[in-house]
2 protein chains.
Amino acid sequence: MMQGSPMLPCEACPLRSLPDIRDFTPDQLAWISRQKRTELRHAAGETIIPEGSKDERFYTLLRGWAFRYKSLPDGRRQILNILLPGDLVGLQAELMGASPHGIEALTDVSLCGFRRDMMWELFRDHPPMALDLTWLAAHGERLTDDVLMSVGQRSGLERMAMLLVHIFRRAVSSGLKRADGAVPFPLTQQHIADVLGLSAVHTNRVLQVLRKQGLITLKEGALAIGDVRALRRVAEYWEQPAPARPIL
Amino acid sequence: MMQGSPMLPCEACPLRSLPDIRDFTPDQLAWISRQKRTELRHAAGETIIPEGSKDERFYTLLRGWAFRYKSLPDGRRQILNILLPGDLVGLQAELMGASPHGIEALTDVSLCGFRRDMMWELFRDHPPMALDLTWLAAHGERLTDDVLMSVGQRSGLERMAMLLVHIFRRAVSSGLKRADGAVPFPLTQQHIADVLGLSAVHTNRVLQVLRKQGLITLKEGALAIGDVRALRRVAEYWEQPAPARPIL
DNA sequence: CGATAAATTGAAGCGCATCAAAATACGTGG
DNA sequence: CCACGTATTTTGATGCGCTTCAATTTATCG
C-alpha cells in the first residue's frame with residue numbers, strides 16, 4: 001500500500017461533475033468531506049481488502065479499476081464485480097463483520113477512506129444520504145443478479161458480449177471514453193475468464209469470434225465496440241436505463 | 001391473488017420470537033405495525049411480482065416459500081434466490097423503478113404489504129431501522145454472491161451440496177425444522193436446476209449421487225441431511241455465522 | 001381413477017475444460 | 001534503447017461434464 005499525497009476535498013472531486021452522478025447539496029458535500037479520513041493508494045495487482053479480513057474503514061473508489069472476488073481453498077476464483085470510480089468498496093464488510101470477499105486493484109488506484117462509525121451518524125443526521133447508501137446497496141445486488149443470470153444461463157459467447165457491453169457502458173458513464181471512442185480495458189483474459197466462469201483458453205477463443213465478426217476491438221488495453229446494438233443482440237442483454245446514481 | 005383475512009398485527013408475528021431474529025423495541029414494533037397496509041395471499045405457482053412491473057408496495061414474506069428470478073426472451077430462467085419467511089420482497093423494485101426480477105410463490109404464501117413512501121418516513125424518523133434495511137440489502141447481495149461463486153466455479157455435485165446445505169440451514173433458522181429433523185422442501189428438480197444453472201436431467205443424476213452416498217434424504221417434499229459436515233466438505237462451503245438478523 | 005406434472009433412465013453429441021507448447025507483448029535493468 | 005525474463009495471448013489436440021432428445025415410470029391431484 002502506498003500512502004497518499006494531500007487529500008482531495010470532496011467539493012473538488014472530479015466524479016461529482018459527471019452527468020450520471022446525482023448532485024448533492026453544499027451541506028451534504030461539506031459533511032461528506034469532513035468525514036473523509038484518508039486517501040489510500042494501491043498499485044495494480046495489489047490486494048486492497050483480503051478475503052475474510054476485518055477493516056476499520058470503508059472506501060469509495062476515486063481513481064482506477066478494481067474488482068471484488070471470492071475464492072475456494074483449491075484456488076478457483078470467481079470475480080463478482082468490476083469496480084469503477086465512484087463505486088463503494090467494503091460496505092458489506094462494514095455491515096457484516098468480516099469481509100465475505102476480497103478486493104484487488106486492476107490498475108493503480110486511489111480510494112477515499114471513511115471511518116466505520118460514520119455510518120451511524122449518517123443515518124441519524126442525514127436521512128437522504130442514508131437512503132442513497134441503501135440505493136447503492138440495492139443497485140449492487142442488481143448488478144450481481146445480472147452476472148448470475150449470465151453465468152447460469154448464457155453461452156460463453158453470450159456472456160462475453162454481455163460483459164463487454166456492460167463494462168463499456170459503465171466506463172463511459174465514469175467519464176473514461178477517449179477521443180477515438182474506445183475506453184481503457186485493464187482486464188487480462190484470465191480476469192474475464194474468472195468473471196464469466198470460463199477457462200482462459202475458451203475465453204480467448206470466444207473473444208476471437210467477436211473480433212472476427214467486427215463487433216469489438218480489444219487491444220493495447222483499450223476496448224471499442226463497433227455496433228453496440230448488434231453486440232446486445234448477441235447477448236440478449238438490455239439494461240434498463242438507471243436514474244442518476246449517488247456517490248458517497 | 002387471494003385477498004387476506006383479518007390482518008396479523010406485527011406484535012403477534014410468529015417470526016419475531018425466532019432465536020435468529022433480532023428483537024425490536026416496543027416503539028419500533030408498534031410503528032411497523034401501523035405501517036402494515038395489507039396482508040396478501042398467493043397460491044403456489046402464482047406470480048407475486050412479474051418481471052419489469054412497477055408496484056406501489058413492497059412486502060415481507062410472512063408464511064410460505066417463494067423465489068426471485070430473471071428470464072431471457074427465449075425462456076431460459078435463472079432463479080436468483082429462494083425466499084423464506086422474514087425475507088424482504090421487492091425492495092429493489094422499490095428503489096430502482098421497475099422490478100429487475102420477478103417473484104413467484106413456491107407454496108401458498110402470505111405477505112405483509114407496506115406502502116412505498118413508508119421508506120422515506122422510516123429513514124427520517126427511525127434511523128436504527130433504516131440501518132437494518134440497509135443491512136438486509138447488503139445481506140441479500142452476499143447471498144447472491146455465494147450463488148454466483150457456485151454457479152461460476154463449482155461442479156454440479158458441489159453446487160448441489162452447497163444449495164442443500166444452505167437451504168437446510170435457512171429453513172431451520174426460520175423455525176421449519178420438524179420433529180424428525182427434516183425440513184419442508186417445496187422445490188421441484190426443475191427449480192433446483194434453474195438455481196444451479198444445470199439441466200433438469202443432470203440435476204436428477206447429481207441428486208442420486210448424494211442420495212446413494214447417504215448424505216441426504218429428499219422425498220415427499222422434505223429434506224433431511226445425514227451428515228452436514230460431510231455435505232459441506234463436498235461443496236467446500238462454509239458459511240460464516242451471521243449475527244441475529246432484523247426483519248421489517 | 002384418469003389426467004397431468006414430476007422424476008427417472010438411456011443414448012448421443014456438443015460446449016467447454018484441460019494439457020501442452022509456441023508466439024507475442026511487457027517490464028526492467030543494464 | 002536493447003536484451004532478457006516473465007506474463008499474456010494464441011493455437012492445437014484430447015477428453016469429460018453436461019445438455020439434449022426421447023421414452024418410461026412414478027407421484028400428484030381434482
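Chain identifiers are assigned alphabetically (A, B, ...) following the order of the sequence lines, protein sequences preceding nucleic acid strands; residue numbering begins at 1 within each chain. Small disclaimer: the values here were computed from a predicted structure and weren't measured.
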* **Smallest separation among heavy atoms of A:Q78 and A:D194, with atom names** => NE2-O, 3.2 Å
* For A:R170 and A:N81, work out which heavy atoms get closest and say how close. => NH1-OD1, 3.7 Å
For the pair made of [atom1] in [X] and [atom2] in [N], what is the distance, rounded to whole Å?
{"X": "A:L218", "N": "D:dT9", "atom1": "CG", "atom2": "P", "result": "8 Å"}
{"X": "B:L187", "N": "C:dA5", "atom1": "CG", "atom2": "C1'", "result": "16 Å"}
{"X": "B:D108", "N": "D:dC29", "atom1": "CG", "atom2": "P", "result": "11 Å"}
{"X": "B:Q190", "N": "D:dT19", "atom1": "CD", "atom2": "P", "result": "11 Å"}
{"X": "A:R76", "N": "C:dC16", "atom1": "CZ", "atom2": "P", "result": "18 Å"}
{"X": "B:Q189", "N": "C:dT8", "atom1": "CD", "atom2": "C1'", "result": "8 Å"}
{"X": "B:L106", "N": "C:dA5", "atom1": "CG", "atom2": "P", "result": "17 Å"}
{"X": "B:K219", "N": "D:dT28", "atom1": "NZ", "atom2": "P", "result": "12 Å"}

* Asked: Going through the distances and angles, do B:S71 and B:E51 end up as a side chain to side chain donor-acceptor pair (under 3.5 Å)?
  -> CA-CA 8 Å; B:S71 47; B:E51 278 181 277; 2.4 Å; yes
Check: [X]/[Y] side-chain N/O donor and acceptor closer than 3.5 Å:
{"X": "A:H166", "Y": "A:E239", "result": "yes"}
{"X": "A:S110", "Y": "A:E39", "result": "no"}
{"X": "B:T144", "Y": "B:E141", "result": "no"}

* Structure fact -> Here the residues of residues 202-211 of chain A within 4.0 Å heavy-atom distance, strictly under, of DNA chain D are A:N204, A:R205, A:Q208, A:R211
* So which one's nearest nucleotide on DNA chain C is more toward 5', A:S199 or A:E220? -> A:S199
* Asked: Are A:F67 and A:H191 near enough that their ring centres are under 6.0 Å apart?
  -> yes
* Asked: Which nucleotide in the list D:dC18, C:dA6, D:dT9 gets nearest to the side chain of B:T188?
  -> C:dA6
* Assign A:G45 to base, sugar-phosphate, or nothing according to its heavy-atom contacts below 4.0 angstrom with the strands shown. => nothing
* Asked: NA contact type, A:G221, heavy-atom cut-off 4.0 Å: base, sugar-phosphate, or nothing?
  -> nothing
